[in-house]
Chemist: 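Got a structure for you, written out below as structure tokens; questions coming shortly.
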Amino acid sequence: PEEHVPYFLNNNKKIAKVCKEDPLCPFKEILKNTKSCWGYEKNCLPQYRFSYPVCSSVDSGWASSIQAAQDLFWKQADFGYVRERQEEMKTLCKPFKLGDSSLVCSRFTR
């Protein structure tokens, strides 16, 4: 969808550069917004995230406040989950040369 384009271009700098240099690229205006992020990127500030869950009430059984409920949902079922898995990535096998295999896993080999 078109609303995803800023997030895509911000995470694909080579494609953004090609677009910037192409006089026919239809996304020139979008390239001016370089802060859009999905939420899993290390330098992604909350106000620039693609979305954030909105809770209207809270069940005290799993969260103490609406803010805590929103944060918990984001970490367990949204891009926060992706961020946490990326942060725990470990390289188990490194390639010696181009074309060799590698193995990278998150904790518990998820």
Side-chain angles (χ1 to χ4, degrees):
E2 192 167 330
E3 62 267 18
H4 290 182
V5 173
Y7 305 93
F8 174 80
L9 290 174
N10 192 36
N11 275 300
N12 295 276
K13 302 294 186 191
K14 289 180 183 179
I15 295 171
K17 184 179 180 208
V18 169
C19 177
K20 187 176 184 179
E21 294 170 355
D22 181 352
L24 300 176
C25 180
F27 305 116
K28 298 278 189 200
E29 279 299 310
I30 291 173
L31 288 171
K32 294 176 183 176
N33 179 5
T34 59
K35 296 180 180 179
S36 298
C37 50
W38 295 111
Y40 60 82
E41 304 90 343
K42 287 183 181 182
N43 60 347
C44 182
L45 299 176
Q47 64 266 33
Y48 301 119
R49 288 180 189 159
F50 173 68
S51 66
Y52 194 74
V54 176
C55 300
S56 56
S57 64
V58 64
D59 180 352
S60 61
W62 64 281
S64 58
S65 68
I66 288 178
Q67 182 65 47
Q70 291 172 171
D71 289 343
L72 186 61
F73 179 88
W74 188 77
K75 287 179 181 176
Q76 292 183 351
D78 205 337
F79 287 115
Y81 180 82
V82 175
R83 179 186 283 179
E84 288 183 353
R85 297 300 73 77
Q86 283 184 327
E87 288 174 355
E88 66 186 31
M89 295 298 282
K90 301 284 184 223
T91 300
L92 302 177
C93 300
K94 292 182 182 181
F96 285 110
K97 62 184 185 319
L98 188 64
D100 283 356
S101 298
S102 65
L103 178 61
V104 180
C105 296
S106 61
R107 196 172 64 192
F108 307 119
T109 60
R110 285 186 263 225

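For this chain, numbers begin at 1 and follow the sequence in order. Here the structure is a predicted model, which means the values were calculated and not measured.
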Chemist: Just verifying a value: how many Å separate F8 CZ and F50 CZ, rounded to the nearest 0.5 Å?
Modeler: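 Atom-to-atom, F8:CZ and F50:CZ are 14.5 Å apart.
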Chemist: Any sub-3.5 Å donor-acceptor pair from K28's side-chain atoms to K20's backbone N or O?
Modeler: yes
Chemist: Does R49 make a cation-pi contact with W74 (under 6.0 Å, within 45 degrees of the axis)?
Modeler: yes
Chemist: Once rounded to the nearest 0.5 Å, what's the spacing between atom NZ of K90 and atom CZ of R107?
Modeler: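 If I round to the nearest 0.5 Å, the distance is 9.5 Å.
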Chemist: What pair of heavy atoms forms the shortest contact from V58 to A63, and how long is it?
Modeler: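 In terms of heavy atoms, the two residues are closest at CG2-O, 3.4 Å.
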Chemist: Before giving the answer on side chain to side chain contact (heavy atoms under 4.5 Å, CB included), spell out for W38 and H4 the whole-Å C-alpha distance, their side-chain angles and the decisive distance to 0.1 Å.
Modeler: CA-CA 9 Å; W38 295 111; H4 290 182; 3.7 Å; yes
Chemist: Taking only residues two or more places apart in sequence, or in another chain, which ones meet C55 in a disulfide bond (SG atoms under 2.5 Å apart)?
Modeler: none
Chemist: Just so I know, are the side chains of Y48 and S36 near enough to count as touching, which here means a heavy-atom distance under 4.5 Å?
Modeler: no
Chemist: Quick one: does NZ or CZ of R85 land under 6.0 Å from the six-membered ring centre of Y81, within 45 degrees of the ring axis?
Modeler: yes
Chemist: Would you find a donor on one side and an acceptor on the other, under 3.5 Å apart, between the side chain of T91 and the backbone of K94?
Modeler: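 No, T91 side chain to K94 backbone: no donor-acceptor pair under 3.5 Å.
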Chemist: Indicate if I15 and F27 have the same hydrophobic cluster label, given that clusters are the connected sets of ILVMFWY residues with side-chain heavy-atom separations under 4.5 angstrom.
Modeler: yes
Chemist: Within a reach of under 6.0 Å around NZ of K35, are more than 12 heavy atoms found that belong to other residues, nucleotides or ligands?
Modeler: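 Atom NZ in K35 is not packed in, count stays at 12 or less.
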Chemist: Evaluate the criterion side chain to side chain contact (heavy atoms under 4.5 Å, CB included) for residue pair S51 and D78; output intermediate values, then yes/no.
Modeler: CA-CA 9 Å; S51 66; D78 205 337; 4.1 Å; yes
Chemist: Counting only heavy atoms not in Q47 (residues, nucleotides, ligands), do more than 12 fall under 6.0 Å from its CD?
Modeler: yes
Chemist: Could you pull out the closest heavy-atom pair between P95 and D100, with the gap in Å?
Modeler: CB-CB, 3.5 Å
Chemist: Roughly how far, to the nearest 0.5 Å, is OG of S57 from CD1 of I66?
Modeler: 6.5 Å
Chemist: Is L92 close to C105 at the side-chain level, that is, under 4.5 Å between some pair of heavy atoms?
Modeler: yes
Chemist: Distance check, rounded to the nearest 0.5 Å: K75 atom NZ versus Q70 atom CD?
Modeler: 13.0 Å
Chemist: Is a donor on one side and an acceptor on the other found under 3.5 Å between the side chain of N12 and the backbone of K14?
Modeler: no
Chemist: CG/L45 to SG/C37 distance, rounded to the nearest 0.5 angstrom?
Modeler: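 If we round to the nearest 0.5 Å, L45:CG and C37:SG are 7.0 Å apart.
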Chemist: Would you say E88's side chain and S106's backbone share a donor-acceptor pair under 3.5 angstrom?
Modeler: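 Flag not set: sc E88 to bb S106 has no pair under 3.5 Å.
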Chemist: Using only atom types and a distance under 3.5 Å, with no angle test, would you say the side chain of N10 pairs donor to acceptor with the backbone of Y7?
Modeler: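 Looks like no, no N/O pair under 3.5 Å.
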Chemist: Please check this pair: side chain of R83 against backbone of G39, looking for a donor-acceptor N/O pair closer than 3.5 Å.
Modeler: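 Between the backbone of G39 and the side chain of R83 there is a qualifying donor-acceptor contact (under 3.5 Å).
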